[in-house]
Amino acid sequence: MWAAPPPEKSANGAHSAGAMAELVLNNEVRLDACPSELFALFGTGDSSLGWLFGSEAAALRPGSLVRLTLPLGGPARSTGTARVLSYRPNRRIDLAHESPWSGRVVCRFEPTTSGGTLLRVRITIDDGEVARLGAELGLLSHVDINVWEVPLGLLTSLSGSAGILGRSTVNCAQLAVEEINADGGVMGRAVRLFVADDSTDPGVGAVAMRRLCRIPGLAAIVGMHSSATCAVTGPMAVAQGIPYLYTPTSELTLAHPLLVRFGETPLDQLHRALPRMAAQTGGSRWFLAGNDYSWPRAIGATARSVIESSGGTVAGEGYLPLGAQEFEPVLSAIDRSQVDHVVSSFVGQDHVRFERDLAASGLRKGVRTFAPLMDDAVVEHLGESAVGTWNVLGYFAGLDTGENHQFLERYSARFGMCAPPVSAAAEGVYEAIHTWARACCAGGGVEPSALLSGLRNACFRGPRRCDAGGSLKTLLLGEATRSGVRVLDELPAASRAS
Amino acid sequence: MTTSNSDAIFSALADPTRRAILSLIGEHEELTAGEIAAQFDAVGRTAVSSHLRILRLAGLIAERREGRFRHYSVTSSPADAVVAFLTSVYQNSLDQLASAVQDASNVGGAASGEVGERSA
């Protein structure tokens, strides 16, 4: 929890400028340090400076990432991201807040006559985000749906370990919905998106899911979250008769027609890449590490079978709970087991910490990593410590095709040059929503029966290589470099491998 | 809105269980303490009562007594609560910055020069 505020409080004001406008908060504080001293403190990662100034900003340039640790109760909700939009040394820092909520934060440094600084912080949050945040905090508001609207839910992680993927996921969902609506909507009705945050926690996910299910006429829910949340929210969707489109890489076999999966399977990701990595290093020993829940365990089991059937050895395994802070037990086990490769299935923020610690420990030099969740967003967070890591996914932003260049241009045009980079997780949601809309049109309605019959023939030509219904034909082998993920090769999906 | 009220709302909402309780009450016109506790088996009745008290003191829910029963309903609007919550989140961060800067200047020499290498 946050420290008790000191007795001297500065004035602060807040107003909500009309019903359909944005929320503006003005906070300020007087400080006994001159503007240049204060400016230099921003982004140094010193948590004693408060979560905003104590954030981690490796660089201060337009578009660069700012990592935040917010005091929001429980470790699961505490991570957030922002991005530098612009700055003037010692005068002004302008940030786009991305998660757990989106908004704009402008810090102005005004010198005072006594040699100190009046720091003014202006926070702007748009109306839709205020409604969502109100609901996340437990305050429901009534939702009116017009007959010419089709409500579509998106359940994803805007906080907790997987929260670093959240904003680009919401952006991609928004882009798909806007494209569908510009193209006449679904059966002539406009799609309206409702976003909910599971905080990378199945319990919070269940509460968020209940909230989405209360929306009158909700046509479907797109889920981009952990399989642990899906194990809770999938059955809730079935009970409510609402189609659930689950998009991320996952081990789940969803045993109900209303549960539709789009993402990569563990075998898709591992069956060609692990033998190829071993052939490149000449090594045969592997360590399997990850968070301790069903997906990393499934990755571990699949990796073991792929490794052993191709003549390799699993020399050790280590799993830590979600939100882990201390990776030393796994790092020393890796060191002791003298392996050539690590399959690392940590999630989001945990993945970032693990790879950084692995690099810092010096183990990275003799050990190559395959990381099935290492997408473009994670590589951005990892920076130098990701270099050389491999992964296989349906999408990387570096994919050099006309469809992908056009998609990325539309994304930048819509969300600006400083928007969070598109990752496989986010792009998967974009394709799933387009595929859903095509399926509804093909099936002649948004009700489940029409959607499911239309899905068999629905084809959306996006950046991914998919069959009708959105199942992957081929995947991409990527390697992390200093400037992002480089696509090395195209590999067949496991179902298509001979 | 006063700052102390914002702080009370922030403290009340900075707990996942209290957010879930508030959400549950909001799905109904009114719920009794027993009905709420029944949905939060793992939390325990005493803890639920204490969560309800914190939510009530923050002005987020109202309590109505009828015989042996206490009925709870949501009183705050989402916009008001969001304003209070965010005001506190940001203001507390600035207050913490102020005390860190104050401490640094008290021990001699204002906080500076500890920025390391960065590409500005």
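Chain letters run A, B, ... following the sequence lines, proteins first and then strands; every chain starts at 1. Only heavy atoms go into these numbers, but all of them, side chains included; no hydrogens, no water, no symmetry mates. Keep in mind the model is a prediction, meaning the values are calculated, not measured.
The candidate with the highest count of non-hydrogen atom pairs below 4.5 Å against chain B, out of A:Ala206, A:Gly50, A:Gly138, A:Ala135, is A:Gly138. By number of non-hydrogen pairs under 4.5 angstrom with chain A, the leading residue of B:Gly26, B:Ala20, B:Ser23, B:Ser93 is B:Ser93. If you tally non-hydrogen atom pairs under 4.5 Å between each of B:Ile25, B:Leu22, B:Ile21 and chain A, the highest count goes to B:Leu22.
B:Leu24 places a side-chain heavy atom less than 4.5 Å from the side chain of A:Arg210. Using a 4.5 Å heavy-atom cutoff, the side chains of A:Leu38 and B:Val101 are in contact. In this structure, B:Leu86 and A:Leu23 have side chains that are in contact, with non-hydrogen atoms separated by less than 4.5 Å. Two residues are said to be in side-chain contact when any heavy atoms from C-beta on lie closer than 4.5 Å; A:Leu31 and B:Leu94 fail this criterion.
Heavy atoms of A:Val130 lying under 4.5 Å from chain B belong to its backbone as well as its side chain. Residue A:Ser55 does not touch chain B at all, counting heavy-atom pairs closer than 4.5 Å. Residue contact with chain A, scored on non-hydrogen atoms closer than 4.5 Å, involves the backbone and the side chain of B:Val89 alike. Proximity to chain B involves both the backbone and the side chain of A:Leu52, based on heavy atoms less than 4.5 angstrom apart. For a residue to count as touching a neighbouring chain, one of its non-hydrogen atoms must lie under 4.5 Å from one of that chain's; by this rule A:Val105 touches chain B with the side chain only.
In this structure, CZ on B:Phe85 lies 5.5 Å from CH2 on A:Trp101, to the nearest 0.5 angstrom. With rounding to the nearest 0.5 angstrom, the CD atom of B:Gln91 is 8.5 Å from the CD1 atom of A:Ile123. For the atom pair OH of B:Tyr90 and CG of A:Leu70, the computed distance is 7.5 Å after rounding to the nearest 0.5 Å. Summarising the geometry, atom CG belonging to A:Asp32 is positioned 4.5 Å from atom CD belonging to B:Gln102; distances are rounded to the nearest 0.5 Å.
Salt-bridge annotation for B:Glu27 and A:Arg211: absent, with no side-chain N of the basic residue lying under 4.0 Å from a carboxylate O of the acidic one.
For B:Arg64, the CZ atom is densely surrounded, since the number of other residues' heavy atoms within 6.0 Å is greater than 12.
Contact detail for B:Ala100 and A:Ser48: the closest heavy-atom pair is CB-O, 3.5 Å.
Between the side chain of A:Asn27 and the main chain of B:Thr87, a donor-acceptor pair closer than 3.5 Å is present.
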